[in-house]
Amino acid sequence: MELPAKYSPAGTEDKWYAWWLKNGFFHSEPDEREPYTIVIPPPNVTGILHMGHVLNNTLNDVLVRKARMDGKNACWVPGTDHASIATESKVVAKLKAEGINKEDLTREEFLKYAWEWKEKHGGIILNQLRKLGASCDWDRTKFTMDPDLSEAVINTFVYFYKKGYIYRGIRMVNWDPVGHTAVSDEEVIHRDTVSKFYHLRYFISDGNGNPTDKYIIIATTRPETIMADAAVCINPDDERYHWLKGKKVLIPLINKEIPIIEDSYVEMGFGTGCLKVTPAHDVNDYEIGLRHNLPVTDIIDDHGRLNEKAQILVGEDRFEARKKIEKMLQEAGNLEKTEDYTSPVGYSERTNAVIEPRLSMQWFLKMEALAKDALESVESGKVKLIPDKYRNTYRHWMENVRDWCISRQLWWGQRIPAYYLPDGRYVVAASPEEALEEARKLDSTVTAGVLRQDDDVLDTWFSSWLWPISVFDTHKAGHPEAEPNRDLAYYYPTNDLVTGPDILFFWVARMIMAGNEFMNDVPFRNVYLTGIVRDKLGRKMSKTLGNSPDPLELIDKYGADGVRLGMLLCTSAGNDILFDESQVEQGRNFCNKIWNAYRLMRGWSVDEEASRPEAASVAVAWFGHKLNAVLAEVEDHYSKFRISDALMCIYRLFWDDFCSWYLELVKPAYGKGIDRGTYEATAAFFDSLLKMIHPFMPFITEELWQNMEERKEGETIMLQRMPVSSSYDAGFISRFEMACEAVVAIRGIRQQKGLPQKEGLSLRIRGDFPEDMLPVVMKLANVSSVEKSTESGDASGVTFMVRTVEMYVPLTGLVDVEEELAKLQAALEHQEKFLASVRKKLSNEKFVSGAPEQVVALERRKEADSLSKIGGLKASIEALKGGK
RNA sequence: GGGAGCUUAGCUCAGUUGGUUUAGAGCGUCUGCCUUACAAGCAGAGGGUCGGGGGUUCGACUCCCUCAGCUCCCACCA
């Protein structure tokens, strides 16, 4: 069968993926082998594959495929996350587009829609991962809201509640007025935002609620909250305001009388030194309020609108209200001035709404003890972060963590298993039946009908922190005393986790907490933190910028192997990835190179009579050494998670060493056959190279490996053993490189002089050139005769140095003596400078006595080599001058 | 406001406890080639006083100090 000149991935990739699936090569069951486990960072169930997923999952796949080929029992568990707030807001938006308001639906009706949506869109992303070549064990696919995984979440809640770690209380939380839910501290993103500083006049009260003509000025960014003011606060040491002590002021517009209080929290130098205290709408103010027993007036509702307690502007959105109240204040004579002001404002990670600090009843998980252990896990090295600069960030977070607000005012998610008695007391239990039993202990008259379950669901991360446990064993989470099942005992702890640093705290840290709590062991050994995928200008990929390529389109255009390579080529751990389509093109080109190297080899016919040419013998010996050298290097890179370095080593081994040097050396003359020994050696090398490339480019390597020879039923490159490095002769490699230098030099001369490759040249060598490498020079530089000489070359040819050996190519009539002289002079000058620097070192007493012996010896060798080169150059110059 | 990190060729980055022929790679650039595996290719070439300054050392891209620029993380919005 004739192979086309270009590799076409389209049909090939689907064919092999289907075949891998059919043969169950991705499936893992516990056995006597060493396990290698990865759990996927579960993408949002309704998500669509983007470049970040490509990066992450390609890295995961490389690691898994490599481990599999190292003979380990590799298991990559896939799945999706229910992503409560993200999914719920998508469903709400979709319903709204259809004219349905969430408010008009019951919980059950809404969830029915949500599940329908999940069934329709859920899992799209998992199919997309298949296109990428991800070798996940699909039989183990999990979803964080699978019934048994949800059960694990509920059990975990009950467990922590009984342990006294979970409590319920009214606290100031981050309220998302668009998502209509509380969010955790980690879900709030602070961004510097330009706003205005409003300087407002608060008139002093005459004691009867009437304004006097005296006033103080208060600077605020939130004039719409003044109706909720409970006091005005000054610093007790602020002499400017001592006259205010004991007085009362009136809130503008509503003329409500509030006291002047003193608290050292107020900074005298900031603003006007007078702070309006609004306990319901500011965290600090809330704290001050507690200290001074101030009343709390909450004037903002779930949607961020002013409520009736505000008395004015009722029903207005907070930002609308701000605009309107500015005008009203101005008209009333209360607005002194406004000025531009930039300050950090919190935004919801999910909805991008400005977060409203708000008092509400929420559930919390105490973090102190959990964080302490999780910190220890990283500090002690039980979990390694790669790159380890993240250890600092991690420590800082762990040492400053606050209790985790785990309740969300949403419906999509695991519902909090707290059940309220009619009198307001509550019980926590894993099921309504158990809850009823518990409730009856409090009040024997309680019936199932009156017991009301908490409306809130749990934060998504409260389920995904169990992921490395619950994908294997759903009972163990929540039951640390239980025996792990067979899978969990075998696969836990997992080996490596590949994820982005943006979820280091959301997810990674909390998985470590859950692992320590329920397994008494960390969930993974290594956490490889990737960078963020950006475009080549360094901008984040975003829909609005339109700079985010669709991975599936790229796969269609270049093949999955090409996309994987393009992604990996620019990937170093922890650094942002500047992605550009040209890299994928490079990946596609590499596929083609491999394809064509195979076409060349496959086109050879073995001539049983032929003996092995000398050049081929050298090539085979050399590539054997080189292969082992690179294997060792690659193994080292893998061990340090330098995946793109490992790839680059292999890329160069294939392209430069194998194709450009090795194949050119063993290639038989046109029309001639190849000797059997060389053919078989070449096929064996090609086989090794395919295996080395396979983790990066699974499809083309399977295609060619299968094409190389008739394979047994169900035999796949996926499950072949990765070649391992054995000893090699570094001296041989170095001698070969010297021959290559000579070849490059002669090719350069050809190009300069316009000599065709076909025309054989003679070569004269003066000095110690390795005899065994001469066939390499002769074949690749087309040298027809070599002569040893003690004479320097003269003006009838070109002289050049290869290391310390002088070489000369006679070229009668083609030599420009002046030009050659200038070249030699320049080389001589350079060499003399070098010698001077070496000698400067050697003449330094302190260097000779202080530096290690081998360093000094090296300098002496440099000196000797340099002297020898200078001698050669000088002789050449003389000879050239003599021949003028 | 607090903390961490980065700055090496036109671009993206290596440089692994300071010494390996006076800094390496990939891409891009330039020159010459449609040579019968591959123009998605082949052959060759050019390109950096390692951000500035100072210090330690026999020796600094590598360690310390300092200045400048960039990035990220954390932080309760007067």
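This structure is a prediction, so every number in the text was calculated from the model and none was measured. What you see below is based on every heavy atom in this structure, not just the backbone, and it leaves out hydrogens, waters and symmetry mates. Letters A, B, ... mirror the listed sequences (proteins, then strands); counts begin at 1.
Using a cut-off of 4.0 Å between Lys/Arg side-chain N and Asp/Glu carboxylate O, A/Lys196 and A/Asp340 are scored as not salt-bridged. The pair A/Glu339-A/Lys337 counts as a salt bridge, with a side-chain nitrogen and a carboxylate oxygen less than 4.0 angstrom apart. Classification of A/Lys640 and A/Asp636 as a salt-bridged pair holds, one side-chain N sitting under 4.0 Å from a carboxylate O. A salt bridge is defined here as a Lys NZ or Arg NE, NH1 or NH2 lying under 4.0 Å from an Asp or Glu carboxylate O, and A/Asp185 with A/Arg402 meets this definition. Look at A/Arg201 and A/Glu336 and you find a salt bridge, because one of the NZ, NE, NH1 or NH2 atoms lies within 4.0 Å of a carboxylate O, short of that distance. The pair A/Arg222-A/Glu356 counts as a salt bridge, with a side-chain nitrogen and a carboxylate oxygen less than 4.0 angstrom apart.
Side-chain N/O atoms of A/Lys841 and base N/O atoms of B/rC58 include no donor-acceptor pair closer than 3.5 Å. A donor N or O paired with an acceptor N or O is not found under 3.5 Å between the base of B/rA43 and the side-chain atoms of A/Arg747. Interface remark: the A/Glu664 side chain does not form any donor-acceptor pair with the B/rA43 base, using a distance-only criterion of under 3.5 Å.
For the C1' atoms, the distance from B/rU16 to B/rG32 is 40 Å, rounded to whole Å. Taking atom P in both B/rG51 and B/rG41, one finds a spacing of 33 Å when rounded to whole Å. The same atom, C1', is picked in B/rG47 and in B/rC74; the two are 42 Å apart, to the nearest Å. Taking the C1' atoms as reference points, B/rA4 lies 15 Å from B/rA75, given to the whole Å. Distance noted for atom C1' between B/rU57 and B/rC63: 10 Å (whole Å). Distance noted for atom C1' between B/rU8 and B/rG26: 15 Å (whole Å). Comparing B/rC58 with B/rG18, their C1' atoms sit 12 Å apart, to the nearest whole Å. As rounded to the nearest Å, B/rC42 and B/rA37 have C1' atoms that lie 11 Å from one another.
Among B/rC77, B/rG19, B/rA37, the nucleotide with an atom closest to any side-chain atom of A/Leu663 is B/rA37. Of the candidate nucleotides B/rC38, B/rA14, B/rA78, B/rA14 has the atom nearest to the side chain of A/Asp645. The side chain of A/Thr221 has B/rA78 as its nearest neighbour among B/rA78, B/rA40, B/rA37. Side-chain proximity of A/Ala597 to the nucleotides B/rC58, B/rA14, B/rA37 is greatest for B/rA37.
In this entry the distance linking OH of A/Tyr390 with C1' of B/rG3 reads 14 Å, nearest Å. At whole-Å resolution of the value, CG in A/Leu780 and P in B/rA43 are 10 Å apart. With rounding to whole Å, A/Leu504 atom CG is found 13 Å from B/rC74 atom C1'. In this structure, CD of A/Gln757 is placed 13 Å from P of B/rU36, rounded to the nearest angstrom. To the nearest angstrom, P of B/rC11 lies 16 Å from CG of A/Asp535. For A/Ile532 and B/rU71, the CD1 to C1' distance is 11 Å, given to the nearest whole Å. As rounded to whole Å, 11 Å separates atom P of B/rC13 from atom CZ of A/Arg534. The distance from atom CG of A/Leu565 to atom P of B/rU12 is 20 Å, rounded to the nearest whole Å.
Across all strands, A/Phe590 comes closer than 4.0 Å to no nucleic acid atom at all (heavy-atom distances). Within 4.0 Å (heavy atoms only), A/Pro852 reaches at least one base atom of the nucleic acid. Using a 4.0 Å heavy-atom cutoff across all strands shown, A/Lys667 reaches at least one base atom of the nucleic acid. Contact annotation for A/Ala851: base contact, defined as any heavy-atom pair under 4.0 Å involving a base atom. Using a 4.0 Å heavy-atom cutoff across all strands shown, A/Leu275 reaches at least one base atom of the nucleic acid. Among the atoms of the strands shown, only primed sugar atoms or phosphate atoms (P, OP1, OP2) are found under 4.0 Å from some heavy atom of A/Tyr341. No contact: A/Tyr198 has no heavy atom under 4.0 Å from any strand. Among the atoms of the strands shown, base atoms are found under 4.0 Å from some heavy atom of A/Glu267. As judged by a 4.0 angstrom heavy-atom cut-off over every strand, A/Val838 is placed among residues making no nucleic acid contact. Residue-level contact check: A/Cys659 touches the bases, meaning some heavy atom is under 4.0 Å from a base atom. Among the atoms of the strands shown, none is found under 4.0 Å from any heavy atom of A/Ile218. Residue-level contact check: A/Arg395 touches neither bases nor backbone, having no heavy atom under 4.0 Å from any strand.
With the nearest nucleotide of RNA chain B identified for both A/Arg318 and A/Lys6, A/Lys6 has the one nearer the 5' end. Residues A/Val744 and A/Asn844 both approach RNA chain B. Their nearest nucleotides, taken by heavy-atom distance, put A/Val744 toward the 5′ side.
Between A/Asn589 and B/rG41 there is a side-chain polar atom (N or O) within less than 4.0 angstrom of OP1 or OP2. For B/rA43, one of the phosphate oxygens OP1 or OP2 lies less than 4.0 angstrom from a side-chain nitrogen or oxygen of A/Ser660. A sub-4.0 Å separation between OP1 or OP2 of B/rC42 and a side-chain N or O of A/Lys593 is present.
Taking the ring centre of A/Phe579 as origin, the terminal cationic atom of A/Arg534 falls outside the region bounded by 6.0 Å and 45° from the ring axis.
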Step by step, would you call A/Asp263 with A/Arg291 a salt bridge (Lys or Arg N to Asp or Glu O under 4.0 Å)?
-> CA-CA 9 Å; A/Asp263 196 294; A/Arg291 285 199 288 275; 3.0 Å; yes

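When A/Leu504, A/Val508, A/Asp502, A/Ile503 are each tested for a side-chain contact (heavy atoms from CB on, under 4.5 Å) with A/Phe506, only one passes: A/Ile503. When each of A/Gln586, A/Glu581, A/Arg564 is tested with A/Tyr558 by the rule side chain to side chain donor-acceptor pair (under 3.5 Å), just one qualifies, namely A/Glu581.
Ring geometry, A/Tyr679 versus A/Trp604: the interplanar angle exceeds 60°, so the pair is classed perpendicular (tilted spans 30 to 60°).
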Which letter, B, S or -, goes with each nucleotide of nucleotides 22-34 of chain B from 5' to 3', with contact meaning a protein heavy atom under 4.0 Å?
-> B--SSS---B---

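A donor atom on one side chain and an acceptor atom on the other are found under 3.5 Å apart for A/Thr682 and A/Tyr662.
Aromatic ring centroids of A/His199 and A/Phe197 lie under 6.0 Å apart.
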Read 5' to 3' with Watson-Crick or G-U pairs under 3.5 Å, [ ] for crossing pairs and | for partners on another strand, RNA chain B gives (((((((..((((.....[....)))).(((((.......))))).....(((((..]....))))))))))))....

